[in-house]
Amino acid sequence: MRTNEEMARLEAAVSALGDIDVSAWPEDTLKEQLAELSAALVALDMSLSRIAEGVRARGLRVEEPVPA
């Protein structure tokens with residue numbers, strides 16, 4: 001089912017992003033990558049906002065999971 005594939009892709013993206021720790025990057029590397037990093041963050045924000053708005057447009061809420 002396509003929905004399951006899409007959810008798997010979202011979960012894979014979250015997992016990949018979870019491995020990124022810019023606090024461990026050398027200062028020079030961060031400065032060199034800043035424009036590319038900023039563009040990626042803006043694109044991610046736009047995509048996530050679009051998905052969340054699609055959920056809200058259907059009258060549902062996007063909620064934070066309750067910690068276990």
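All residue numbers refer to positions in the sequence shown, counting from 1. In what follows, every heavy atom counts, from backbone to side chain, and hydrogens, waters and symmetry copies are set aside.
A continuous path of ILVMFWY side-chain contacts below 4.5 Å connects Val62 to Leu60, so both sit in one hydrophobic cluster.
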Show the atom names and distances, to 0.1 Å, of all donor-acceptor pairs under 3.5 Å that link a side chain in residues 31-42 to residues at least two apart or in another chain.
from  : atom 1 : to    : atom 2 : distance (Å)
Ser38 : OG     : Leu34 : O      : 2.8

Under 3.5 Å, which donor-acceptor pairs link side chains of residues 8-25 to any protein atom two or more places apart or in another chain?
from  : atom 1 : to    : atom 2 : distance (Å)
Asp21 : OD1    : Ser23 : N      : 3.2
Asp21 : OD1    : Ser23 : OG     : 2.4
Asp21 : OD2    : Ser23 : OG     : 3.4

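Taking a 6.0 Å sphere around CD of Glu64, one finds it holds 12 or fewer heavy atoms contributed by other residues, nucleotides or ligands.
Salt-bridge check for Arg50 with Glu53: failed, with every basic side-chain N at 4.0 Å or more from each acidic carboxylate O.
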